[in-house]
A.B. asks: 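Structure incoming, see below.
A quick note: this is a predicted structure, and the numbers were derived from the prediction, not measured. Chain identifiers are assigned alphabetically (A, B, ...) following the order of the sequence lines, protein sequences preceding nucleic acid strands; residue numbering begins at 1 within each chain.
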Amino acid sequence: MGGATFSIPAWAEFAAVAVGSIQGAAYASGFRERRIDLFGVAFIGVATGLGGGILRDVSLGTALVALSSNWYIPVAIAAALIGMLLARVFSSIDPVITVLDALTLGLFGAIGTTKALAFGLPEVPAAFVGLIAAVGGGMLRDILLNMPITVMHVGSLYAVAAGAGTLTLVLLHDANVSVFLSAAICAAVVFAVRLLAVAFGWSLPEQRSLELS
Amino acid sequence: MGGATFSIPAWAEFAAVAVGSIQGAAYASGFRERRIDLFGVAFIGVATGLGGGILRDVSLGTALVALSSNWYIPVAIAAALIGMLLARVFSSIDPVITVLDALTLGLFGAIGTTKALAFGLPEVPAAFVGLIAAVGGGMLRDILLNMPITVMHVGSLYAVAAGAGTLTLVLLHDANVSVFLSAAICAAVVFAVRLLAVAFGWSLPEQRSLELS
Amino acid sequence: MGGATFSIPAWAEFAAVAVGSIQGAAYASGFRERRIDLFGVAFIGVATGLGGGILRDVSLGTALVALSSNWYIPVAIAAALIGMLLARVFSSIDPVITVLDALTLGLFGAIGTTKALAFGLPEVPAAFVGLIAAVGGGMLRDILLNMPITVMHVGSLYAVAAGAGTLTLVLLHDANVSVFLSAAICAAVVFAVRLLAVAFGWSLPEQRSLELS
């Protein structure tokens, strides 16, 4: 028990995967000198668009949704190739991409957290699994590109937004708010925190140690 | 159901693992200045020789074959140490290694894909799992060595060969061709594409975005 | 069959996780120029303190202990933030940290190996799972930091100490020694090998290939 998993229509799920894959390929296009080939771009797309869900399902010990249908992998590959070809277009409409990405971040976080709660996980690990579902694809992208992991560095509250939303969701779940409403509030919190951080340039402090006199 | 898994005699499986581990250690031997120690070499050998099968089994949510017997790990370690000691010999017989590696690539792809089909996966994810089983060990090797992932960069159709073979296999499976024959054709396709690519210098294009006027 | 899993009191397990997380954050604090933020430090703490156990449980195909309670993740995060703030203190008491870390290494190795044996794994893979449980957190830390993997390079017998202990444990298990005694001897072997190596500067040789005349 633990409640139902928040689900979204199939078209919305594929759209969210595609946004992730486009993002991954557009990010990879910044590394021209690396000689990444078309397979590399396709693989980055699969990892970025589907990686968060794969890490979520491996963490929960359940069958991988990404491998459950013939459509997820081709959608991710097609989106990655489009992201590569149109990298300049996507770069010129960067605010649109940021908005779509913030929406995707919230959806993946809400789906991941409610799925973890449905598997009986306690609140904190359920919110953590939702966080991983939201930011894990980008982490895999950076590992595959042999780059520092973006979300672990000073930026615009990407992981913090995801974590704030998934923690809100588990609190609402404890207060017996319905899955659908909790998930919607989670996605809204992620969306708001992320876009406010981008707009106002909010970021987390860098690591620092205490000076000892 | 979904059919039987293609299996090969135990000696052939150990030989394929050993080829992978030798390759991994020989590759690592190109990084002398890194001060990798004997444990590092052994670990690279385990990751390269057994990593593809481990990623396959984790993806399928089944017990790891690599941990099911006392022999896989020692074979991989022994092969890696031989690969390290004889790196110059293997480098001087590079064509032989390329041929053995192409054979291994095809076998791992065929085993992975038929196992995924036997677990009931649809065609595309089954071929993807076969691809990961074939190239995943090399990817893990590169991540552990903190190097760019070789198969994602312009080269001689390594991943393309594996993907062409595993996609052929799922098509033959749909046409009710027997597991053994499908797997043999898969391995032959991988072998032929890879060696033709090496011989003729075929490669995939680099990533490129459309110019906007 | 397979025997029981060696377990330690909850406070000791949390203390071991905290030692790992402190270590991870203190290591990360050496990379000031990287602009790692507080989330990055927290995530490194979770990966270092809980990563070995996560890799162990994924390898065994069982539910992740790290996600089974509300306490593991907050303990790891809190320890990482303390490790960051007090990095200079921990650096000034380096010998104490080395001793605590050697103890943790042995405990994680003993817990991992006995759990793998309880799941019915043969001796060699059981010892390997124990090794991964002991050194896997540090490996994940290095991958996340995009650094060469410390334990694979010339150092003071870190992985060798863990492997010697876990192999000793499986031999004692075969000789029908009780789980508790075997695990205690395993931890003692790891502790002794590691600290003797630090004290005497013992290390494994670097990779080397045979010269061919």
A.B. asks: Minimum heavy-atom separation for B/V41 and C/Q207, please, with both atom names.
C.D. replies: CG2-CB, 3.7 Å
A.B. asks: Using a heavy-atom distance cut-off of less than 4.5 Å, which residues of residues 49-57 of chain B contact chain C?
C.D. replies: none
A.B. asks: Pick one of side chain, backbone, both or neither for C/S59, based on which atoms fall under 4.5 Å of a heavy atom in chain B.
C.D. replies: both
A.B. asks: Grab the two heavy atoms, one from B/R32 and one from C/S209, that are nearest each other, plus how far apart they are.
C.D. replies: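 B/R32 and C/S209 have their closest heavy atoms at NH2-OG, 3.3 Å.
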A.B. asks: Quick one: CE on C/M152 to CG on B/L38, what's the gap to the nearest 0.5 Å?
C.D. replies: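 These two atoms lie 12.0 Å from each other.
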A.B. asks: Heavy-atom cut-off 4.5 Å, strictly under: side chain, backbone, both or neither for C/I132 against chain B?
C.D. replies: side chain
A.B. asks: Does C/E206 form a side-chain contact (heavy atoms from CB on, under 4.5 Å) with B/D37? I'd like the steps, not just the answer.
C.D. replies: CA-CA 4 Å; C/E206 248 172 272; B/D37 70 8; 5.7 Å; no
A.B. asks: Would B/L67 and C/F119 count as a side-chain contact (heavy atoms from CB on, under 4.5 Å) here? Give the steps.
C.D. replies: CA-CA 11 Å; B/L67 302 182; C/F119 271 75; over 6 Å; no
A.B. asks: Is it the backbone or the side chain of C/L131 that comes under 4.5 Å from a heavy atom of chain B, or both, or neither?
C.D. replies: side chain
A.B. asks: Nearest heavy-atom pair of B/N146 and C/P148: which atoms, and what distance?
C.D. replies: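 Residues B/N146 and C/P148, closest heavy atoms: ND2-N, 3.6 Å.
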A.B. asks: Which value, rounded to the nearest 0.5 Å, describes the distance between B/F43 atom CZ and C/I149 atom CD1?
C.D. replies: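 The distance works out to 7.0 Å.
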A.B. asks: With a 4.5 Å cut-off on heavy-atom pairs, point out which of B/I143, B/L145, B/L144, B/L81 contacts chain C the most.
C.D. replies: B/L144
A.B. asks: Which bit of C/V151 is near chain B, if near means a heavy-atom gap under 4.5 Å: side chain, backbone, both or neither?
C.D. replies: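 Contact with chain B is through both the backbone and side chain of C/V151.
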A.B. asks: Given a strict heavy-atom distance threshold of 4.5 Å, which part of C/M139 is in contact with chain B: side chain, backbone, both, or neither?
C.D. replies: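 The side chain, not the backbone.
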A.B. asks: Please flag which part of B/S68 lies under 4.5 Å from any non-hydrogen atom of chain C: side chain, backbone, both or neither.
C.D. replies: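 It is the backbone, since no side chain atom gets that close.
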A.B. asks: Would the distance check show the side chain of B/N70 and the main-chain N or O of C/V124 forming a donor-acceptor pair, the cut-off being under 3.5 Å?
C.D. replies: yes
A.B. asks: Using non-hydrogen atoms and a 4.5 Å limit, figure out which bit of B/A28 sits close to chain C: side chain, backbone, both or neither.
C.D. replies: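 B/A28 touches chain C through backbone and side-chain heavy atoms alike.
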A.B. asks: I need the residue from B/P74, B/A87, B/S29 with the largest number of non-hydrogen atom pairs under 4.5 Å to chain C.
C.D. replies: B/S29
